[in-house]
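Worksheet for the structure shown next.
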Amino acid sequence: MQQEDDLRGLAKTMEFMRAISILFVVIHIYWFCYQAILEQGINIGVVDKILLNFQKTAGLFSNILWTKLFAVVFLALSCLGTKGVKEEKITWDKIYVFLFVGFIFFFLNWWILVLPLPLVANMTVYTFTLATGYILLLMAGLWMSRLLKNNLMEDVFNMENESFMQETRLMENEYSVNLPTRFFYKKKWNRGWINVVNPFRATIVLGTPGSGKSYAVVNSFIKQQISKGFALYLYDYKFDDLSTIAYNELLKNLDKYKVPPKFYVINFDNPAGSHRCNPINPDFMTDISDA
């Protein structure tokens, strides 16, 4: 929830920067095409005063490039903070073309204002080229942001973006089970650990048949728990593979137990070959509640 709020806040900030960029373009047209606007009678007195004060205090309109540069700076900031949809058709060559053409239309169109045409015609052509250049720069900026964030051209399967840093520390205690791992991060394979520091809170292993649950997890649990002197109840319902592992590990770690342990087997397929116990033996019943 917090992450969604942060993303919304970032999106609003980027929209605000883009709005400022567009405002600079509109102010630029209003100032440098003022005579044509005055002829049409659509000038606004309050805006005139505000822009004159800006000119007196900051010299914002001393050069025709200043407002354009401010517009491009805010446009670039809004593009860098935008996360677009992945698209493999976007290439750097296409971005360079849009940047080049957009730069020409946006920055190198000042001569249109001095053409020997009616002022309204000059303003129309100048506004059209300015808007075209702005849109081309906007598209190039968005595409560049997508490529820089997704890096699709070098990682077509998006493995790098789906990788993340995992635990590399070995955290052991008298109860822990520690599983070694290998993970891909920052274009290289790293070694790490899955540290089950409190197995008493229960552990569940899920996976399709043949996915390696026993090999990667269960076998390590059996070996490490026996090596730390724990009693083990093992339900080996398919084959006796896990039982064999448990028995051999017990033989290796008999010295880890304060009380010498015994190994009992209950075989439901062959009860005659199993260890047996009478659960209703009177010796096991200490009071009426047991009965």
Side-chain angles (χ1 to χ4, degrees), residues 1-6 158-291:
M1 196 67 181
Q2 181 65 35
Q3 186 176 6
E4 292 180 1
D5 293 339
D6 293 341
N158 203 30
M159 291 180 60
E160 183 65 24
N161 291 317
E162 293 177 353
S163 66
F164 57 93
M165 187 61 186
Q166 301 181 32
E167 183 60 72
T168 58
R169 297 172 298 169
L170 175 61
M171 295 183 286
E172 287 186 297
N173 58 41
E174 55 183 324
Y175 311 114
S176 67
V177 176
N178 307 93
L179 308 175
T181 63
R182 282 181 77 235
F183 61 95
F184 190 77
Y185 181 64
K186 289 188 175 180
K187 299 182 179 180
K188 67 176 183 179
W189 287 98
N190 302 273
R191 295 189 178 276
W193 292 91
I194 297 176
N195 301 296
V196 185
V197 294
N198 186 9
F200 302 113
R201 297 189 65 180
T203 303
I204 185 169
V205 185
L206 299 177
T208 58
S211 60
K213 298 183 295 295
S214 298
Y215 179 78
V217 180
V218 177
N219 291 355
S220 294
F221 263 77
I222 293 173
K223 294 177 180 179
Q224 293 186 40
Q225 293 288 278
I226 291 177
S227 68
K228 292 184 177 182
F230 281 89
L232 184 69
Y233 176 80
L234 176 62
Y235 179 32
D236 195 1
Y237 63 92
K238 289 192 295 186
F239 303 102
D240 60 352
D241 296 346
L242 301 182
S243 302
T244 302
I245 292 174
Y247 182 74
N248 290 326
E249 286 298 317
L250 178 63
L251 295 180
K252 295 177 186 177
N253 295 280
L254 288 173
D255 58 322
K256 305 293 174 47
Y257 292 84
K258 294 181 180 179
V259 178
K262 295 182 180 180
F263 190 85
Y264 292 101
V265 177
I266 299 176
N267 189 333
F268 295 103
D269 295 327
N270 182 20
S274 302
H275 292 95
R276 297 178 223 176
C277 172
N278 180 10
I280 57 174
N281 190 320
D283 294 339
F284 299 150
M285 299 185 184
T286 57
D287 55 35
I288 193 63
S289 62
D290 292 338

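Please read these numbers as outputs of a predicted model, since none were measured by experiment.
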Quiz item: Quick check: does any side chain N or O of Lys213 sit under 3.5 Å from a backbone N or O of Val205, one acting as donor and the other as acceptor?
Solution: no

Practice problem: Please check if the side chain of Asn253 supplies one atom and the backbone of Ile226 the other of a donor-acceptor pair under 3.5 Å. | Solution: no

Practice problem: Drop me the distance from Glu249's CD to Asn219's CG, to the nearest 0.5 angstrom. | Solution: 9.5 Å

Practice problem: Nearest 0.5 Å please: distance from the CD1 atom of Ile222 over to the CG atom of Asp236. | Solution: 7.5 Å

Quiz item: If you take all heavy atoms of Lys258 and Pro260, which pair is closest and at what distance?
Solution: O-CD, 3.9 Å

Practice problem: Could you tell me whether Ile280 atom CD1 has more than 12 heavy atoms of other residues or ligands within 6.0 Å of it? | Solution: no

Quiz item: Does a side-chain heavy-atom distance below 4.5 Å link Leu250 with Tyr257?
Solution: yes

Exercise. Answer yes or no: are there more than 12 heavy-atom neighbours, outside Leu232 itself, under 6.0 Å from its atom CG?
Key: yes

Exercise. Mind telling me whether Phe200 and Tyr175 have parallel, tilted or perpendicular rings, with 30° and 60° as the class edges?
Key: perpendicular

Self-check item: Neighbour count >12 (heavy atoms, 6.0 Å) for atom CZ, Phe183
Solution: yes

Quiz item: Heavy atoms, side chains only, cut-off 4.5 Å: are Ser243 and Leu234 in contact?
Solution: yes

Practice problem: Output the distance between atom CH2 (Trp193) and atom CE (Met171), rounded to the nearest 0.5 Å. | Solution: 11.5 Å

Quiz prompt | Partner residues of Asn178 under the side-chain hydrogen bond (donor to acceptor under 3.5 Å, both in side chains) criterion, sequence neighbours left out | solution = Ser176, Asn195

Quiz item: Do the side chains of Val196 and Phe221 get nearer than 4.5 Å, heavy atoms only?
Solution: yes

Practice problem: Please tell me if the side chains of Cys277 and Phe284 come closer than 4.5 Å, counting only heavy atoms from C-beta onward. | Solution: yes

Exercise. Go through the structure and list residues passing side-chain hydrogen bond (donor to acceptor under 3.5 Å, both in side chains) with Ser289, not counting sequence neighbours.
Key: Asp287

Self-check item: Nearest heavy atoms of Lys186 and Ser163, plus distance in Å
Solution: N-OG, 4.5 Å

Practice problem: Looking only at non-hydrogen atoms, find the nearest pair between Phe263 and His275 and report the distance. | Solution: O-CE1, 3.7 Å

Quiz item: Taking all non-hydrogen atoms of both residues, which atom of Thr244 and which atom of Asp240 are closest, and how far apart?
Solution: OG1-O, 2.8 Å

Quiz item: Under 4.5 Å between any side-chain heavy atoms of Asn190 and Thr181, yes or no?
Solution: no

Self-check item: Rounded distance [0.5 Å steps], CG in Leu170 versus CG in Leu179
Solution: 10.5 Å

Quiz item: Mind checking what makes salt bridge (Lys or Arg N to Asp or Glu O under 4.0 Å) contact with Lys228, not counting sequence neighbours?
Solution: none

Quiz item: Just by modelled atom types, is the Asn267 backbone N or O under 3.5 Å from a matching donor or acceptor in the Ser274 side chain?
Solution: yes

